[in-house]
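See below for the structure under consideration.
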Amino acid sequence: MADQSNSKTVAIIGFGTAGMNAAIALRNAGFGGRVLVFSDIDTLPYSPILTSYYAWGDKTYEECFPWSAEEVADLNLDILYDEPVEALDTVTHAITTSKGTYGYDKCVIATGATPMCWGFPEVEGDSAYRPLVLRSMADAQRLKDALERPGIKRILVSGASMVALKTLEACLNHGLECTLVGINPHVLDFNALPEAAIRFEKGLREKGVELRLGQSIKAVKRIGDKLEVTFSSGDTDVFDEISVAHGMKSNLDFVVEGALETDRALIVDEFMRTSDPDVYAAGDVAQATELISGEKRIVGIWKNAALQGATAGAAIAAELAGGQPDEECAFKGSISTNTIAVNGTLFISAGTMEITPERSIEVREAEDMTVVYIFENREGKPRRLVGFNLVCDKDEPGSVAYDTGAMLTLRIEAGCR
Ligand SMILES: Cc1cc2nc3c(=O)[nH]c(=O)nc-3n(C[C@H](O)[C@H](O)[C@H](O)COP(=O)(O)OP(=O)(O)OC[C@H]3O[C@@H](n4cnc5c(N)ncnc54)[C@H](O)[C@@H]3O)c2cc1C
């Protein structure tokens with residue numbers, strides 16, 4: 001059968017790492033048709049990972065963009081900048097923005113996620129106040145502007161996830177007095193077991209961070225240029241700014257309810273196909289196989305978004321050329337991995353932190369390092385490592401801590417094969 005794909009249109013909604021890698025894979029696989037990219041921003045794809053480093057001055061604005069204008073131009077894409085998608089009609093294959101309606105043959109949804117401020121109360125005396133959040137370059141600019149504002153001294157970071165801790169690091173590096181409030185009894189939320197989190201908390205306290213764990217923000221009142229915060233403990237304190245990191249929500253408002261199989265995000269197969277054969281999803285909007293649970297979950301990390309975007313692009317190119325996606329490009333699944341260092345205290349984790357009756361933990365303490373191992377003991381099967389946390393009082397690239405983290409991550413991945 002002759003290759004008809006040159007007359008086809010592939011739409012990519014969202015121009016982050018997943019969208020960009022879908023475009024690269026389409027072209028690498030020889031797709032010569034139209035690639036129509038919808039972006040809600042007016043810049044090249046940026047890396048959310050680098051936003052906190054930009055905010056505290058460790059990276060320049062330009063360094064936050066992994067691809068150059070030349071690399072993007074080489075892909076010959078039709079990019080509609082500043083044109084957020086408002087509706088996707090999977091029945092008529094139509095994408096609507098405020099400027100028009102566009103058809104597609106295949107579509108990749110790669111719209112990432114938005115930071116949420118769940119539970120943050122309206123500020124008394126300043127109902128327009130929006131706390132700082134961190135995801136986009138615009139968020140990073142707002143944080144940077146706040147950190148550099150003359151007279152700013154005290155900041156409250158609400159949330160204890162990786163994003164909250166990255167924000168905290170940016171604030172510490174600006175010499176601010178930092179308080180962190182988290183609803184859970186320990187930092188690092190679902191990424192760490194208490195045995196590791198306690199050492200990380202010690203590191204934070206030594207850097208002067210006040211920790212208010214097991215608490216939340218109950219009320220906020222504007223008093224002049226300050227914000228008076230009442231915590232659920234009943235205590236009050238006064239801050240110049242508040243940053244909130246209460247989790248992320250996949251950007252899927254433009255998808256008609258019921259049109260695609262959805263849980264917390266879009267359920268996809270190993271080629272990133274959703275329940276609609278012409279719609280694919282990749283990155284933080286996709287629930288693909290998480291290897292330890294075997295369940296479909298969002299594993300919101302950069303590498304996954306890149307690999308999933310590449311898988312979607314290669315699979316679409318194959319299908320539009322009249323063939324089947326190659327098993328070699330299938331996304332076989334992933335495990336969660338995290339690395340963060342806050343002013344010299346290092347945390348590395350991989351795998352699961354879910355303790356089930358079949359799982360046990362082992363804690364190994366060294367002078368400057370705690371490693372928590374999570375083993376699974378299933379009848380008739382060899383004991384396997386399914387997760388670990390590592391906290392080190394020093395952050396030295398190339399150190400034993402980094403080597404141990406890399407080795408344990410590989411061990412977990414090998415145990416999943
Ligand atoms: C502060 C922070 C630190 C992080 N640190 C790490 C780390 O250290 N390591 C790691 O692996 N991961 C990290 N992550 C996670 C990682 O950045 C994400 O998993 C990854 O960027 C997801 O890529 P994506 O392409 O799915 O989404 P994004 O990169 O968010 O791209 C999605 C794009 O789609 C756009 N979009 C949204 N809605 C629409 C619409 N309706 N129409 C058109 N466009 C739209 C968005 O504006 C965005 O430009 C971090 C995330 C944050 C926020």
Side-chain angles (χ1 to χ4, degrees), residues 50-59 115 117 119-121 123-126 129-135 139-189 192 197-246 340-347 391 393-395:
L50 301 177
T51 50
S52 63
Y53 301 93
Y54 169 62
W56 67 267
D58 190 48
K59 296 274 174 215
C117 295
F120 184 78
V123 174
E124 193 187 325
D126 187 0
Y129 179 80
R130 297 285 167 268
L132 300 166
V133 293
L134 195 55
R135 174 94 191 185
D139 298 335
Q141 190 61 55
R142 227 184 122 216
L143 176 61
K144 187 177 176 64
D145 291 346
L147 297 181
E148 291 173 357
R149 204 164 64 210
I152 185 164
K153 278 204 185 80
R154 306 197 73 223
I155 189 152
L156 174 66
V157 176
S158 180
S161 63
M162 304 297 276
V163 174
L165 291 170
K166 287 201 164 195
T167 307
L168 182 75
E169 184 191 27
C171 299
L172 284 171
N173 284 331
H174 263 273
L176 299 193
E177 280 174 42
C178 300
T179 299
L180 185 127
V181 57
I183 200 156
N184 293 318
H186 293 287
V187 298
L188 290 158
D189 288 351
I198 287 166
R199 185 162 205 147
F200 198 82
E201 287 157 16
K202 184 172 151 275
L204 293 180
R205 287 196 180 95
E206 282 168 7
K207 312 287 176 316
V209 178
E210 182 190 22
L211 295 179
R212 288 182 167 273
L213 298 172
Q215 301 178 36
S216 58
I217 298 175
K218 200 169 154 213
V220 185
K221 195 171 170 185
R222 166 71 69 193
I223 302 177
D225 60 353
K226 307 278 181 208
L227 294 158
E228 185 191 77
V229 175
T230 305
F231 296 97
S232 55
S233 61
D235 294 349
T236 59
D237 204 345
V238 173
F239 301 92
D240 297 297
E241 263 301 351
I242 302 173
S243 164
V244 171
H246 289 180
I340 188 168
V342 178
N343 290 38
T345 304
L346 174 67
F347 172 77
V391 178
D393 303 338
K394 287 183 284 204
D395 171 30

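Model, not experiment: these values are computed from the prediction.
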- Query: Does Leu346 offer a backbone N or O that forms a donor-acceptor pair with the side chain of Asp395 under 3.5 Å?
  - Reply: no
- Note on the structure: Taken in chain and number order and not counting sequence neighbours, the residues that satisfy ring pair (Phe, Tyr, Trp, His ring centres under 6.0 Å) with Phe239 are none
- Message: Quick check: do Arg199 and Phe347 have side-chain heavy atoms less than 4.5 Å from each other?
- Response: no
- If you look at every heavy atom in Leu188 and Met162, which pair is closest and at what distance? CD2-SD, 3.7 Å
- Query: Can you name the nearest heavy-atom pair linking Ala140 to Ala55, along with the distance?
  - Reply: O-CB, 4.0 Å
- Note on the structure: For Gln215 and Ser232, the nearest pair of non-hydrogen atoms, with its separation, is CA-OG, 3.4 Å
- Task: For Lys207, check side chain to side chain donor-acceptor pair (under 3.5 Å) against everything at least two apart and list the hits.
- Result: Thr345
- Here the salt bridge (Lys or Arg N to Asp or Glu O under 4.0 Å) pairs for residues 167-182, sequence neighbours left out, are Arg154-Glu177
- Taking atom NZ of Lys394 as the centre, report whether more than 12 heavy atoms of other residues, nucleotides or ligands fall under 6.0 Å from it. no
- Task: Indicate the atoms forming the closest heavy-atom contact of Leu165 with Val342, along with that distance.
- Result: O-CG2, 3.8 Å
- Quick check: are there more than 12 heavy atoms from other residues, nucleotides or ligands sitting under 6.0 Å from CD1 of Ile183? no
- Task: Not counting sequence neighbours, which residues clear side chain to side chain donor-acceptor pair (under 3.5 Å) with Glu241? List them please.
- Result: Tyr129, Arg149
- Please examine the side chains of Ile155 and Cys178, heavy atoms only from C-beta on, and report whether any two atoms are closer than 4.5 Å. yes
- Report the residues that fulfil side-chain contact (heavy atoms from CB on, under 4.5 Å) with Pro121, sequence neighbours left out, ordered by chain and then residue number. Ile217, Val220
- Note on the structure: For Arg222, the side chain to side chain donor-acceptor pair (under 3.5 Å) test, sequence neighbours excluded, returns Asp126
- Message: If we ignore hydrogens and angles and just use 3.5 Å, is the side chain of Glu124 paired with the main-chain N or O of Ala219 as donor and acceptor?
- Response: no
- Task: Decide yes or no for Leu147 and Cys171: does some side-chain heavy atom of the first lie under 4.5 Å from some side-chain heavy atom of the second?
- Result: yes
- Query: Say you draw a straight line from OH of Tyr53 to CG of Asn173; how long is it, rounded to the nearest 0.5 Å?
  - Reply: 10.0 Å
- Query: Are any of the side-chain heavy atoms of Asp393 and Glu206 separated by less than 4.5 Å?
  - Reply: no
- Message: Are Leu168 and Val209 packed together at the side-chain level, in the sense that at least one heavy-atom pair is separated by less than 4.5 angstrom?
- Response: yes
- Query: Got Cys117 and Pro131 here, is their nearest side-chain heavy-atom distance under 4.5 Å?
  - Reply: yes
- Task: Please tell me if the side chains of Ile242 and Phe120 come closer than 4.5 Å, counting only heavy atoms from C-beta onward.
- Result: yes
- Message: Run the side-chain contact (heavy atoms from CB on, under 4.5 Å) test on His186 and Ile198 for me, step by step, so that the C-alpha distance in whole Å, both residues' side-chain angles and the decisive distance to 0.1 Å come before the verdict.
- Response: CA-CA 7 Å; His186 293 287; Ile198 287 166; 3.5 Å; yes
- What are the two closest non-hydrogen atoms of Ser243 and Thr167, and how far apart are they? OG-CG2, 3.3 Å
- Message: Are the side chains of Asp237 and Glu210 in contact, using a 4.5 Å heavy-atom criterion?
- Response: yes
- Of all the heavy-atom pairs spanning Thr179 and Arg212, show the shortest one and how long it is. CG2-CD, 4.0 Å
